[in-house]
There are 2 protein chains.
Amino acid sequence: MTERPPTLDAVAQRAGVSTGTVSRVLNNAQHVSQKARQAVERAIEELGYVPNTAARSLAARRRGAVVLAISSEDPALTANLFFAEVITGVNAVIEETDLQLLLVLAASQRGQDRFTRVLHAADGVLLLALREHDPLSKLAADSGLPVVHGGQPLGHTPRHYVDADNRGGARLATEHLISLGRRRIATITGGTDQQVALARHLGYREALALAGLSEKRLAHGDFTESGGAAAMTRLLAEHPDLDAVFVASDAMAAGALDVLRERGRRVPEEVAVVGFNDIVTAQHTQPALTTVRQPIEALGREMTRMLIRLINGEQPTSLILPTELIRRDSA
Amino acid sequence: MTERPPTLDAVAQRAGVSTGTVSRVLNNAQHVSQKARQAVERAIEELGYVPNTAARSLAARRRGAVVLAISSEDPALTANLFFAEVITGVNAVIEETDLQLLLVLAASQRGQDRFTRVLHAADGVLLLALREHDPLSKLAADSGLPVVHGGQPLGHTPRHYVDADNRGGARLATEHLISLGRRRIATITGGTDQQVALARHLGYREALALAGLSEKRLAHGDFTESGGAAAMTRLLAEHPDLDAVFVASDAMAAGALDVLRERGRRVPEEVAVVGFNDIVTAQHTQPALTTVRQPIEALGREMTRMLIRLINGEQPTSLILPTELIRRDSA
DNA sequence: TTGAAAGCGCTAACAT
DNA sequence: ATGTTAGCGCTTTCAA
């Protein structure tokens, strides 16, 4: 009933060569005559031979896979397109190789147990876990495998990471507001427990400091829309004179725009607003949101390239990818 | 330097039993004494033993993995959150098992070659490929592995699939418009080359037919925002008397709303609009979009459950998951 | 209930 | 340049 797939031995027999030769052809080693190589290739074709990955990795002590682990504790990762885009980038690079992509969304404790086992089946780890002390970070580090982080967790800077230039992007956004003639520029931050939030706040402060403007107009959000609305409400109460707001995420900016509209503050005439991330929704807010775009797919690609280098024993250096201001109507 | 992980043999030695016994404990077979079992478990604990998946699958002729293959030819899959949500659902079920999740976004020809090899490392396939004659479908079918489709490709109904009730949802939406007193109800379809588009059109027609209303107000879109705008423009030109539109996707509905606003048609007073999918953006259109929500995460979950049943030799039946009307301001 | 041993399909080291 | 062979770490008969 269950036809067994052809083995390497079968190929060798068919081609009239030894298994060693077949193996050499498969791993395109040198030291194989044209003749032998062709015979093997024909036999492979005729038999429809496909190497058995399990046997291969057992014998070669390679595992032929990388794992992409996403800490789904982090609602920000799953909420927006972030995660889908990163995957697309990762996949694009993986596709060029013989590696397989193992995906783990580790939420539960159960998931973490699994994670350990998955690690034992991989040659390296791509990690998206931005919270401080995420258990995945530790498990990955303990595994001894090469690990590349996406973004920098708060607290410690990972050995190898790829991050978007959050600070630079925030500075870009704020400088844009300044160039518009705004002088009483507030900010809504993403909280204080995440590195992205801090980096964006820092970029905002840098820009203001360089221009000699006050940084006192500040409210903390939590990267959610309702959090953004609440923060905007507070800002308006405490600093009714503000003429611009740099909001650390588009979701929060959407909430802030709602509040501004309710309060009758015209955007951008009276209050200019810039967001961050360029989520799809940014095109549909009223008015359309000026924002900072991160190269998320590129982030996935570069993470994967870096991991492959690490697996090959090279020592790549961490990367910060540039962000870009997308001008729309809100500023 | 490179510490080798402990093997099953090491565990056996430590526990003072044979490798056979350790293996039995690992696969929690019967016929193992309490004493032996405990000794093995202690040894595993002490040594920090983790089974080698490659060796295991080689010996057992199981592969311990399923592949989730997404045809990224299909922009609709990658564009919205669809794909991220499906993955979340798939992951949730996989997490309960010992299976690993292999991810393939197969766009290029190169990707398809890889796909074949990945198939040989898996026990089953979850397939998201909605276009007719998608090469992935054929490759998966040829592999002889159990395959579960998400959605139904046009042309042939797969043996095993999970789909959202597109027809029912469209009917729900249209009946809602009728209940609002609308009688000249138009539709913007998603084209004619995709099963979802057809199913939604069918639901629309059913509702109208049952109410004895005309189905003549029709324009084809392509599931994109600009396509929706263009279709709305045509509709307005050909049927200026329309008082409602059922739009087969939210993206198209967003485009349609833009056109209606430009033309000065008030929504929902003069023209009521219902979309489909409940993408995040639906909450941010002007006015907020009434739409039909699909249980996408559940789709991923049910697909995976079905695949696991197939792998275990059961014969599950295909599934259609209910959709739900989300009322907002546009109808 | 347990132990012993023969592979699973491949790679790599060693011969030739 | 090619053949030979001993494993890789596990499961699974078959005996005991």
Side-chain angles (χ1 to χ4, degrees), chain A residues 2-41 43-44 47-65 98 100 117-123, chain B residues 2-41 43-44 47-65 98 100 117-123:
Chain A
T2 317
E3 206 64 31
R4 284 243 219 126
T7 67
L8 185 147
D9 283 0
V11 173
Q13 207 158 355
R14 173 83 165 226
V17 299
S18 70
T19 65
T21 301
V22 175
S23 184
R24 281 170 204 125
V25 171
L26 253 34
N27 302 285
N28 43 79
Q30 314 304 312
H31 306 297
V32 183
S33 67
Q34 278 302 313
K35 208 177 135 223
R37 165 163 274 130
Q38 286 174 5
V40 170
E41 277 163 357
I44 288 179
L47 263 40
Y49 170 73
V50 177
N52 178 318
T53 26
R56 175 174 282 193
S57 59
L58 180 57
R61 289 119 173 286
R62 278 184 272 97
R63 335 212 219 204
D98 278 333
Q100 303 196 334
R117 264 179 303 124
V118 176
L119 288 181
H120 280 262
D123 297 303
Chain B
T2 317
E3 205 64 31
R4 288 246 216 121
T7 67
L8 187 147
D9 283 3
V11 174
Q13 207 158 354
R14 174 83 164 225
V17 299
S18 71
T19 66
T21 301
V22 175
S23 184
R24 281 167 205 129
V25 171
L26 253 33
N27 301 285
N28 45 77
Q30 314 303 309
H31 305 299
V32 183
S33 67
Q34 275 304 312
K35 211 180 133 221
R37 166 162 273 130
Q38 286 175 3
V40 169
E41 277 163 355
I44 288 179
L47 264 40
Y49 169 74
V50 177
N52 178 318
T53 27
R56 174 174 282 192
S57 59
L58 179 58
R61 290 118 171 288
R62 278 185 272 95
R63 336 213 218 198
D98 278 331
Q100 303 196 335
R117 264 179 303 125
V118 177
L119 288 180
H120 280 261
D123 297 303

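For the numbers below, each heavy atom of this structure counts, side chains included, while hydrogens, waters and symmetry mates do not.
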In B/S/- notation, 5' to 3', how is nucleotides 6-13 of chain D contacted by protein heavy atoms closer than 4.0 Å? -BBBBSBB

Looking at CG of B:Leu58 and CZ of B:Arg63, how far apart are the two atoms once the value is rounded to the nearest 0.5 Å? 11.5 Å

Would you give the length of the straight line joining atom CG of B:Leu47 to atom OG1 of B:Thr7, rounded to the nearest 0.5 angstrom? 8.5 Å

Would you say B:Glu41 has more than 12 foreign heavy atoms packed within less than 6.0 Å of its CD? yes

Do A:Arg117 and B:Val50 touch side chain to side chain, with heavy atoms closer than 4.5 Å? yes

Report yes if some heavy atom in the side chain of A:Val17 is under 4.5 Å from a heavy atom in the side chain of A:Val25; otherwise report no. no

Which whole-number value in Å describes the distance from A:Arg63 CZ to C:dT11 P? 17 Å

Round to a whole Å and report the spacing from NE2 of B:His31 to P of D:dC14. 15 Å

